[in-house]
Amino acid sequence: MAEQGRSDRSRRGGSERAGAPQPRAGGARQPSAKGSDQRFQQKRGRGPERNVDRQRGGSSARPEQNRLERRVDRQRREASEPTSRPAENARPGLARRKNEPPIPEGVDSRSLHAAVRAELRSLPKDLAEIVAAHLVVAGQLVDDDPELAYAHAEAARRRAARLPIVREAAAETAYAASRYDVALSEFRALRRMTGSPDYLPVMADCERALGRPHNAIKLAREADRVGLDPALRIEMIIVEAGARRDLGQDHEARRILERAVARARPEDISPVAVARLRYAYADTLLDAGKESEARQWFAAAATLDRDHETDAQQRVDELDGFVIDYDEDDGAGNSATHEPKWGSPE
């Protein structure tokens, strides 16, 4: 039972998650936001124009005159009041809502990738600064406190939902926080906005996490038709195999992975992606009772997994009977460190 639990963790927490398209600041794919500035300016400009039209069209009516007088009186009162109110109240979208997390002091938006900053330039400067700060904090927290990271990403989304990078941050943090329904909705929106098929693997994994493996398999078939980058193709294969296992089709899952392992060469594809593929294949072999073969492929994965994206070496040690028990109180078992991947240039 413990072994099965570890297998589940490796498939959901270790394998498929790294297959999510990277909206990190260093990601090569940063969709263009061309035209969003014009749409935003048009939206802001229509409100006052409608007010002017109403005033012109109904200036002879007494109710309109009363409203105009009240407006003038209010403006006079506001002009006589102290000007100590925050400037962010001047325009909707700048003020922080009660349920939004505050931006910590000292956040430097210059840590965002240049492509992200370029996309944010389509916003007014003061608004862009707030959105950028929320994105920076979300990237810093996504591994350690995904719920708070999602809250920051959602604060950015409320202000700039038309920007793909903002929607991608919301999708990634929702995924990290296990809000798979929200993540799936955001990834679907991203695909419509960008036209990119790169989101298919993580969409399929969200479907699987929501208990819909058949939908995950449908997305895998769609990915076959559109074609994916080799590394993303590997991630989709891993997710598809996991969906097959969810349906009790262990033999088919093993066949899919075996065929992919035979074709994947680390000199042609990212070594980390190949390591994850070998890990997934080893996991299916172990579940089938083929321990010696499983050990071979866990070891093969470990040789490529220099950054410890998986626990392949630990699995080898367990199969060899080499297990270390740590005292939970002495902190010895918490020596591993994890570098944040989101929000910093690659």
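Numbering starts at 1 and runs along the sequence shown.
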Q. Are side-chain heavy atoms of M236 and L228 found at a separation under 4.5 Å?
A. yes

Q: Applying side-chain hydrogen bond (donor to acceptor under 3.5 Å, both in side chains), name anything that partners E258, two or more places apart in sequence or on another chain.
A: none

Q | Side-chain (E119) to main-chain (I165) donor-acceptor, under 3.5 angstrom | A | yes

Q: State whether the side chain of D305 and the backbone N or O of T310 hold a donor-acceptor pair below 3.5 Å, judged by distance alone.
A: yes

Q.
Can a donor-acceptor pair be found, under 3.5 Å and without considering hydrogens, that links the side chain of S185 to the backbone of V182?
A. no

Q: Please examine the side chains of P164 and L190, heavy atoms only from C-beta on, and report whether any two atoms are closer than 4.5 Å.
A: yes

Q | Gap separating the CD atom of E168 from the CG atom of L163, nearest 0.5 angstrom | A | 12.0 Å

**Q.** E309 CD to L304 CG distance, which is reported to the nearest 0.5 Å
**A.** 12.5 Å

Q | Test salt bridge (Lys or Arg N to Asp or Glu O under 4.0 Å) applied to E252 - qualifying residues, sequence neighbours left out | A | R255

Could you give the side-chain donor-acceptor pairs of residues 295-303 under 3.5 Å, partners two or more places apart or in another chain?
from : atom 1 : to   : atom 2 : distance (Å)
R295 : NE     : D320 : OD1    : 2.8
R295 : NE     : D320 : OD2    : 3.4
R295 : NH2    : D320 : OD2    : 3.1
T303 : OG1    : A300 : O      : 2.6

Q: Return the minimal non-hydrogen interatomic distance between V136 and S109, and the atom names on each side.
A: CG2-CA, 3.9 Å

(Q) If you define the side chain from C-beta out and look only at heavy atoms, does anything of R259 sit under 4.5 Å from Y281? (A) no

Q | Distance (rounded to the nearest 0.5 Å) between R158 CZ and N99 CG | A | 8.0 Å

Q.
Is the ring pair H134/H152 parallel, tilted or perpendicular, if the boundaries are 30 and 60 degrees?
A. tilted

Q.
Any carboxylate oxygen within less than 4.0 angstrom of a Lys/Arg side-chain nitrogen, looking at E100 and R159?
A. yes

Q. Under 3.5 Å, is there a donor-acceptor pair between the Y279 and D311 side chains?
A. yes

Q.
Minimum heavy-atom separation for A183 and C206, please, with both atom names.
A. CB-SG, 4.0 Å

Side-chain donor-acceptor pairs of residues 260-270 under 3.5 Å, sequence neighbours excluded:
from : atom 1 : to   : atom 2 : distance (Å)
S270 : OG     : V272 : N      : 3.4

Q.
Test of understanding: with ring-ring contact (aromatic ring centres under 6.0 Å, His included), list the residues that count as partners of Y150, not counting sequence neighbours.
A. none

Q. Can you list the steps and then say if D283 with R315 is a salt bridge (charged side-chain N to carboxylate O under 4.0 Å, His left out)?
A. CA-CA 9 Å; D283 204 40; R315 303 294 292 274; 3.1 Å; yes

Q) How far apart are the closest heavy atoms of L200 and A223, and which atoms are they? A) CD1-CA, 3.9 Å

Q. Between D145 and L148, is there a donor-acceptor pair closer than 3.5 Å when you use the side chain of the first and the backbone of the second?
A. yes

Q) Which atom names give the shortest non-hydrogen contact between L120 and A128, and what distance separates them? A) O-CB, 3.5 Å

(Q) Give me the atom names and distance for the closest heavy-atom approach of A288 to R254. (A) CB-NH1, 3.6 Å

Q.
Nearest 0.5 angstrom please: I238 CD1 to L257 CG, how far?
A. 7.5 Å

Q | Set of side-chain hydrogen bond (donor to acceptor under 3.5 Å, both in side chains) partners for Q313, sequence neighbours left out | A | D317

(Q) Within this structure, what is the OG-CD distance for the pair S111 and Q140, rounded to the nearest 0.5 Å? (A) 6.0 Å

Q: I would like to know whether I237 and I256 meet side-chain contact (heavy atoms from CB on, under 4.5 Å); could you show each step before the answer?
A: CA-CA 7 Å; I237 290 171; I256 291 171; 3.7 Å; yes

Q: Would you please name every residue forming a side-chain hydrogen bond (donor to acceptor under 3.5 Å, both in side chains) with Q249, sequence neighbours left out?
A: R244

Q. Just by modelled atom types, is the L112 backbone N or O under 3.5 Å from a matching donor or acceptor in the R117 side chain?
A. yes

Q: Kindly write out the residues that satisfy salt bridge (Lys or Arg N to Asp or Glu O under 4.0 Å) with R167, not counting sequence neighbours, or none if the list is empty.
A: E186

Q | Qualifying salt bridge (Lys or Arg N to Asp or Glu O under 4.0 Å) pairs with a residue from residues 130-139, counting only residues at least two apart or across chains | A | none

Q: Grab the two heavy atoms, one from L319 and one from L286, that are nearest each other, plus how far apart they are.
A: CD2-CD1, 3.8 Å

Q) If you link I, L, V, M, F, W and Y whenever their side-chain heavy atoms are under 4.5 Å apart, who else ends up in the same group as L247? A) I217

Q) Taking the hydrophobic residues Ile, Leu, Val, Met, Phe, Trp and Tyr, and joining any pair whose side-chain heavy atoms are under 4.5 Å apart, which ones share a cluster with M193? A) none

Q. Can you list every side chain to side chain donor-acceptor pair (under 3.5 Å) pair that touches residues 215-231, not counting sequence neighbours?
A. R191-E222, E207-N215, D224-R233

Q: Kindly compute the distance separating CD (Q314) from CD (E318), expressed to the nearest 0.5 Å.
A: 5.0 Å

